[in-house]
Amino acid sequence: MFEDTKKEIAQRINTICRELDLPELKVQWAWIPFAGQWGIATSFFKLASEDIKHRGTKKPVPQYADEIAHLVADKLGIPDGFDRVETINGYLNLYFQPGEYTRKVLDATLTAGAHYGAGDPNNLRVMVEFSQPNTHKAFHVGHLRTLMLGAAVSNILEFAGWEVVRANYIGDIGLHVMKWMWNYLTNHNGEEPGEDRIRWLGDIYTEADNLFHSDPAIENAVRALFGRWEKRDSELVALWEKTRHWSLEGFDEIYRMMGVKFDHVFYESEEEQSGKSIVEDLIIRGIARDDRPTGGSVYIPLDELAGTKEKYRVLVILRSDGSSLYATKDIPLTIKKMEQFSLDRAVWVVDVRQALYLSQIFKTIELMGYPWANNLYHLAYEIVNLPGNVTISSREGAVVLLEDLVREATRRARQIVDEKNPELVPEMKDKVASAVALGSIKYPMVSRESGKVVTFDWESALDINDQTAPYMQYACVRAGSILRKAGGLPSGETPVPVDLHPAEITLVDLIARLPDEVQKAATDYKPMTIANLAYDLAKAFNDFYQNCPVLQADELTRNFRLKLTAASRQAISNCLFLLGITTPEVM
RNA sequence: GCCCCUGUAGCUCAAUGGACAGAGCACCGGACUUCUAAUCCGAUGGUUGUGAGUUCGACUCUCACCAGGGGCACCA
């Protein structure tokens, strides 16, 4: 908000600098950090420091910066829409006219509604690839972070103005699938999944993996099965199709439960063929080395080609027996994504342990000469551990299934709803419990720096107090309750009272920040920015709720506060929406 | 050995290179005859891992070191 104003004043400041024979200043606007004040600020330290160097004078920078600030302020006067201008410690602070500023912020919010904070379309298309589960395995809390982070980043980019393609890449083939199918044929033949299909599939996998490592004969049997697969043994392919389908149905249920949708789904099994032909191409072009004649693999000596040392290492793109690897498929898939979808950018929301691997893929793309190689970005996140730094592993079976977590969280949330709001009808109670449970599960995934490990424990996952999604949902519910009782918003112009409560001032300030924060979150791929704002808004609203009666206030105050209440709820729920969290009507 | 990430209050975490480093939990003390107390208010709590450097200014950037985690040719 106020981009035009900022730009205009920045230009005027530059004109003034030129008149004063000072260097050009690249004006960086910041919000005035003092509580209870609205305005924009910039400092003159950089300018002062440059000019001192340029003139060779000896003067303390802070003092000179302050002098310049004064000179500029004198010439600038008080621009339209501002109340006063002050200079202090090298800063130039411009304070908005409270009434006009408040009206502008509230009108912008209420007019745009669910769209408030959104940026203009930038005519650029980005694909966000996330989730990437393997079929025939459990879907556990470790998979939650990429899911919620990817969903949130997608929402934010879209809101910021990008055209977003949400993509999933499902690992429906590979050694893990062969292990599973071997175990099924050997120990579970003919069995069908019951209600709990993901658990059932996961259990068979864990068992298969244990057997695989316990006996070389079993390992050989699994490899033999892989051989049959490579020859497209029709019986095996039929089993694969059937069991794969079970997994995919289970995933669909989970995505529906979590409220996540994809625009496009890639399957690993569909990328094998193009992968093998690109390997041949890379060999011919001298990028890949073919050691198969001497019993080796096909690989790309990345460090050698890039002129680096122990940085990109070596990327194997085809096994010595000619079978494909993850990289075999990822290279053509990347090209397909960028070209078929006409992408301007592609983002991989993938666990940090694959950082080297993805940098190898990106480097390979660059070496292949694709001009868009710089537009590939790995959004790396740290994993979700169990207490005591225990890594969640579907091989070892030390997992907490996502379904179990959601079920338990919903059960507990339902208990609290019963206690807090016993008169609600049961369906409504279920609805509230679901929104609260999902919110409290999702929020920790998007509210911290992606580079930090999340430790999962039941207690904190199901804790719904304070800095959590329910806190913010509750603020929305309280706001909704006031608006319901008021029977709607006042129509037409609403004058802004002269004396505003500090809580009101803070609220308006925070609401006004949403558009900027959306852009920042999109640029940095950081949903945390929005999570922080949502929390600050909810906190400010609860403060307002406590201190500023709405319904009982005199008419002028009441009308203004009703609008402020509506705008607050809108801003919070827009933030929550971006994070993939829904807002219930009651709690 | 090489590379990456993390290190901020007792714990979990914030802080576009800028004005006094902020929240929550925990602990202590308060507030429901009021628009929903899933809330609010108050108090306590810091040599931002260590040492240098860059800068007018460093939690933020650079380098070294310490501690923890991760990665490094036929897994995904």
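Computed from a predicted structure; not experimentally measured. Chain identifiers are assigned alphabetically (A, B, ...) following the order of the sequence lines, protein sequences preceding nucleic acid strands; residue numbering begins at 1 within each chain.
- Of all nucleotides present, only B:C5 satisfies the Watson-Crick or G-U wobble test against B:G68, with each distance under 3.5 Å.
- Between the P atoms of B:U36 and B:G24, the separation comes to 24 Å (whole Å).
- The listed nucleotides are B:U16, B:G71, B:A14; the one nearest the side chain of A:Arg448 is B:A14.
- The closest side-chain donor-acceptor pair between A:Glu419 and A:Gln415, if any, does not fall under 3.5 angstrom.
- In this entry the distance linking CZ of A:Arg561 with C1' of B:C35 reads 12 Å, nearest Å.
- A:Val314 comes within contact range of at least one nucleobase, with a heavy-atom separation under 4.0 Å.
- As rounded to whole Å, 13 Å separates atom C1' of B:U55 from atom CD1 of A:Ile52.
- With both pairing distances under 3.5 Å, B:A26 is matched to nothing as a Watson-Crick or G-U wobble pair.
- Looking at heavy-atom distances under 4.0 Å, A:Ala48 makes no contact with the nucleic acid at all.
- Among the protein residues, A:Gly451 comes within range of the sugar-phosphate backbone only, with heavy atoms under 4.0 Å from sugar or phosphate atoms but none that close to a base.
- Between A:Phe226 and A:Lys309, the residue anchored nearer the 5' end of RNA chain B, judged by the nucleotide with its closest heavy atom, is A:Lys309.
- In this structure, A:Pro33 and A:Ala327 both approach RNA chain B, and ranking their closest nucleotides by distance from the 5' end singles out A:Pro33.
- Nearest nucleotide to the side chain of A:Lys46, out of B:C56, B:A73, B:A15: B:C56.
- Ring-centre distance between A:Tyr471 and A:Tyr474: not below the 6.0 Å cut-off.
- Following rounding to the nearest Å, A:Leu533 (CG) and B:A15 (P) show an atom-to-atom distance of 13 Å.
- Across the protein-nucleic acid pair, A:Ile383 atom CD1 and B:U6 atom C1' stand 13 Å apart, rounded to whole Å.
- Using Watson-Crick or G-U wobble geometry with both donor-acceptor distances under 3.5 Å, B:C63 finds its partner in B:G51.
- Nucleotides B:A37 and B:C41 place their C1' atoms 13 Å apart, quoted to the nearest Å.
- Taking the C1' atoms as reference points, B:A9 lies 13 Å from B:C27, given to the whole Å.
- Counting any heavy atom pair closer than 4.0 Å across all strands shown, A:Glu449 reaches sugar-phosphate atoms only and no base atom.
- Closest contact between the side chain of A:Lys520 and the listed nucleotides B:C35, B:A73, B:U16 involves B:U16.
- Across B:C65 and B:C4, the matching P atoms stand 13 Å from one another, rounded to whole Å.
- In this structure, the nucleotide among B:G70, B:C35, B:U16 sitting nearest to the side chain of A:Ala30 is B:U16.
- Heavy atoms of other residues, nucleotides or ligands lying less than 6.0 angstrom from NZ of A:Lys311 number 12 at most.
- At least one cation-pi condition fails for A:Lys179 and A:Trp229: the charged atom is not both under 6.0 angstrom from the six-membered ring centre and inside a 45 degree cone around its axis.
- Residues A:Asp291 and A:Ser297 bring no donor and acceptor atom of their side chains to less than 3.5 Å of each other.
- Remark: C1' of B:A76 and CG of A:Asp330 are 10 Å apart, rounded to the nearest angstrom.
- Within 4.0 Å of A:Leu356, counting heavy atoms only, lie sugar-phosphate atoms of the nucleic acid but no base atom.
- As rounded to the nearest Å, B:G7 and B:U50 have P atoms that lie 13 Å from one another.
- For A:Lys53, taking side-chain heavy atoms from C-beta onward, the closest of the listed nucleotides B:C56, B:C72, B:A19 is B:C56.
- Residues A:Phe362 and A:Trp348 bring their aromatic ring centres within 6.0 Å.
- Under the Watson-Crick and G-U wobble criteria, each requiring two contacts below 3.5 Å, nucleotide B:C74 is left unpaired.
- In this structure, the CD1 atom of A:Ile361 is 12 Å from the P atom of B:A76, given to the nearest Å.
- Neither OP1 nor OP2 of B:A76 sits under 4.0 Å from any side-chain N or O of A:Arg353.
- Using N1 to N3 plus N6-O4 or O6-N4 for Watson-Crick, or N1-O2 and O6-N3 for G-U wobble, each under 3.5 Å, B:A21 pairs with nothing.
- Within 4.0 Å of A:Phe34, counting heavy atoms only, lies at least one base atom of the nucleic acid.
- Here the rule is side-chain contact (heavy atoms from CB on, under 4.5 Å) with A:Pro584, and of A:Met428, A:Gln473, A:Lys431 only A:Gln473 fits it.
- Of the candidate nucleotides B:G7, B:C35, B:A19, B:G7 has the atom nearest to the side chain of A:Lys452.
- Pairing for B:A38 is absent, judged as Watson-Crick or G-U wobble with the two contacts each under 3.5 Å.
- Distance OH (A:Tyr357) to P (B:A76): 9 Å, rounded to an integer number of Å.
- Rounded to an integer number of Å, the gap from A:Leu483 CG to B:C35 P is 15 Å.
- Among the atoms of the strands shown, base atoms are found under 4.0 Å from some heavy atom of A:Ile88.
- Proximity of A:Ser49 to the phosphate of B:C56: a side-chain N or O atom is located under 4.0 Å from OP1 or OP2.
- Checked against B:A23, B:A15, B:A76, the side chain of A:Tyr326 finds its nearest nucleotide in B:A76.
- Using cut-offs of 30° and 60° on the angle between ring planes, the pair A:Phe266 and A:Tyr169 is perpendicular.
- Within the shown strands, nothing qualifies as a pairing partner of B:U33 under the Watson-Crick or G-U definition with both distances less than 3.5 Å.
- Under the Watson-Crick or G-U wobble criterion, with both distances below 3.5 Å, B:G57 has no partner in any strand shown.
- Going from the C1' atom of B:A23 to that of B:A15 covers 10 Å, rounded to whole Å.
- Ring-plane geometry between A:His143 and A:Phe139 is classed as tilted, the angle between the planes lying from 30 to 60 degrees on a 0 to 90 degree scale.
- In this structure, the nucleotide among B:C74, B:C35, B:C2 sitting nearest to the side chain of A:Glu310 is B:C2.
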(request) If a protein heavy atom is under 4.0 Å from the base, mark B; if only from the sugar-phosphate, S; if neither, -; do that for nucleotides 36-43 of chain B going 5' to 3'. (result) BSBBSS--
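- Around the CD atom of A:Glu585, the shell of radius 6.0 Å holds no more than 12 heavy atoms that belong to other residues, nucleotides or ligands.
- Under the 90° criterion around 0 for the glycosidic angle, B:C32 counts as syn.
- Looking at A:Asn93, its side chain comes within 3.5 Å of the base of B:A19 through a donor and an acceptor atom.
- Taking every side-chain heavy atom of A:Arg313 into account, B:C2 is the closest of B:C35, B:A14, B:C2.
- The residue A:Cys476 sits apart from the nucleic acid: no heavy atom pair falls under 4.0 Å.
- At a cut-off of 3.5 Å, with distance as the only test, a side-chain donor of A:Ser460 or A:Asp457 sits close to an acceptor on the other residue.
- Residue contacts shown for A:Gln132 are absent, as no nucleic acid heavy atom lies under 4.0 Å away.
- Taking 3.5 Å as the limit, the base of B:C74 and the side chain of A:Arg319 contain no donor-acceptor pair of atoms between them.
- Seen from the ring of A:Tyr381, A:Arg145 does not count as a face-on cation partner, given the 6.0 Å and 45° thresholds.
- With both ends at atom C1', the span from B:G46 to B:C11 equals 15 Å, rounded to whole Å.
- Nucleotides B:U55 and B:U62, compared at atom C1', are 12 Å apart to the nearest Å.
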